[in-house]
Amino acid sequence: MAKVKGPTPQSQDFSQWYLDTIQLAELADYAPVRGTIVVRPYGYALWENIQRVLDGMFKATGHQNAYFPLFIPMSFLQKEAEHVEGFSPELAVVTHAGGEELEEPLAIRPTSETIIGYMWSKWIRSWRDLPQLLNQWNNVVRWEKRTRPFLRTSEFLWQEGHTAHATKEEAEEETARMLGVYLQFARDYAALPVIPGQKTEREKFAGAVYTTTLEGMMKDGRALQSATSHFLGQNFARAFEITFQDKDLEEKYVWTTSWGLSWRIIGGIIMTHGDDKGLVLPPKLAPIQVVIVPIYKAGSKERVLQAAGALEAELREKGLRVFTDDRDQYTPGFKFHDWELRGVPYRVELGPRDVEAGTAVIKSRIGEKETAPLADLKELLPKRLEAFHDELFARAREFRKARTRVVDDYQAFKEAVAEGFALAYHCGDAACERAIQEETKATARVIPLEFPAHGVLQDDEALKATGEGTCIRCGRPAAYGRRVVFARAY
RNA sequence: CGGGGCGUAGCGCAGUCCGGCAGCGCGCCUGCUUUGGGGGCAGGAUGUCGCAGGUUCAAAUCCUGCCGCCCCGACCA
């Protein structure tokens, strides 16, 4: 009897479970520089699938990809007051290059609003040059004090969209539209039931007029910001003199937006769906959707492998991502555990008895085994993967609902944020928000909002409710006209 | 950046108190045998004991300094 190998149980130490799972599933490994990680092939394949889906959605909404440089003159970052205050503490700066000290230090981009603003000020002359609808897939660097793989790393991969518009209305519409794109991605591809809405003043992006966000609940009840879309107003336009001559002959500042989603979403997928056996990957993003495990003895190896090969070809023809695990040095039992750890949604077991009978055993990562005719699998498995996705989403949403409490007194609030989300009225005062954080470790995560025109809807009635009340902590009249989601956050 | 803990084979650890042959489990390699839920037997390889200096006949072990990692806290658009 071999010792059981696998991640630390979630109930014992959720944080350790997360770290173990990433290592054991070979998603990533620690790199030599503090806070940096190597994304290993299996993890990168997951990221590539995320990129592929999102990139298609960006293009479908009229955006084009471009690439702006990694190095940004320090002076650029200082042009927008809130921006510099927000990002200075975590900047990495190049002071020497080519063996000499640089005249002006170069910041390694923490985000690209400034350099894109600078370029736009050169490119934009007329209303005919608008809108600018750009996106870039790149890396950014933020020197965080405390890091965690995927969730907060010194360097991370993401995409950052940047748009410039002639009118405020158009820019605000873009902000909502892209939040809608992220919500669709989260719901329909990552199976993440996230709460769309707006950040409070205290939590918004440094330099934004307002920030919209998607907040998810992890299996330990903590919140994870999964994507953001910012309305930047004319803040960066003024800082970088981005103006255009409008149809009415007036010279005007443009209105800009930015929006981003990082590989942090991988952390969200891990902590939303994973269990004590390891990863559970949503089928639409999983690098491998179906793994075929051939089972054979000396005399049956050839027959079984041939049947496995034929099945793999059939499933590939249906567009499924399939892998046949014919590694000779491992037993079937080992392979079962191995692919469960790696979160593959469906497994097909194919042994001599099955080949003989023209059947196979299929097993869902989150369900029971069943026997099905081999000939049916090419129709059956795509349906099962759809159902798998739906079940992942449904159970995550149920989990979130079960751990979300509507609270009206501070004691209940404290209990709620120890376990999950608290829906509470708040006065909107930043000092009061800070006090709540000091007293409970919870922060205002999101003011739930809907933008029906862009498909941004809540998936829970409790989050749609509007109303007036008094602040959960200080008792002053509540702001926002609705309850705010508070939680401990990553 | 403050408090605590830990650095010994790829991973997890024992050995450190009380100086005296570098060990265990897993993994890895070879062969045989196995294969329907983490197989078995036999043989084998792998060490800058975090780094530097000191004490000593002798240092993983004692002393000094440094570095790194983890946890808690502060910080974290």
Using a 4.0 Å heavy-atom cut-off across all strands, classify A:Val293 as base, sugar-phosphate, or nothing. nothing
Judged by atom type as modelled, is there a donor-acceptor pair below 3.5 Å linking the side chain of A:Asn135 to the main-chain atoms of A:Asn65? no
For the C1' atoms, the ones on B:G5 and on B:G50, what distance do you get once it is rounded to whole angstrom? 16 Å
Within the structure shown, what part of the strands sits under 4.0 Å from A:Glu340 by heavy-atom distance: base, sugar-phosphate, or nothing? base
Compare side-chain N and O positions of A:Tyr330 against OP1 and OP2 of B:C28 and report whether any pair is under 4.0 Å apart. yes
Reckon A:Lys301 touches a base, only the sugar-phosphate, or nothing at all at heavy-atom distances under 4.0 Å? nothing
Looking at A:Glu340 and A:Arg347, is there a salt bridge between them, counting it only when a charged N and a carboxylate O are closer than 4.0 Å? yes
Using 4.0 Å as the upper bound for N to carboxylate O, is an ion pair formed by A:Lys369 and A:Glu349? yes
Within the 4.5 Å heavy-atom criterion, are A:Phe421 and A:Ile195 side-chain neighbours or not? yes
Under 4.0 Å from any atom of RNA chain B, heavy atoms only: list the residues of residues 65-81 of chain A that qualify, in numerical order. none
What about the rings of A:Trp259 and A:Phe58, do their centers lie closer together than 6.0 Å? yes
Any carboxylate oxygen within less than 4.0 angstrom of a Lys/Arg side-chain nitrogen, looking at A:Arg473 and A:Glu433? no
Could I get a table of every N or O pair under 3.5 Å where one atom is in the protein and the other is in nucleotides 73-77 of chain B?
residue	atom	partner	partner atom	Å
B:G73	OP1	A:Lys441	NZ	3.1
B:C76	O2'	A:Glu144	OE1	3.1
B:C76	O2'	A:Glu144	OE2	3.2
B:C76	O2	A:Arg152	NE	2.9
B:C76	O2	A:Arg152	NH1	3.2
B:C76	O2	A:Arg152	NH2	2.8
B:A77	O3'	A:Lys204	O	2.7
B:A77	O3'	A:Ala206	N	2.0
B:A77	O2'	A:Lys204	O	2.9
B:A77	O2'	A:Phe205	N	2.7
B:A77	N7	A:Arg142	NH1	2.3
B:A77	N7	A:Arg142	NH2	2.8
B:A77	N6	A:Arg142	NH1	3.3
B:A77	N1	A:Gln225	NE2	3.0

Among B:G36, B:G37, B:U35, which nucleotide has an atom closest to any side-chain atom of A:Pro352? B:G36
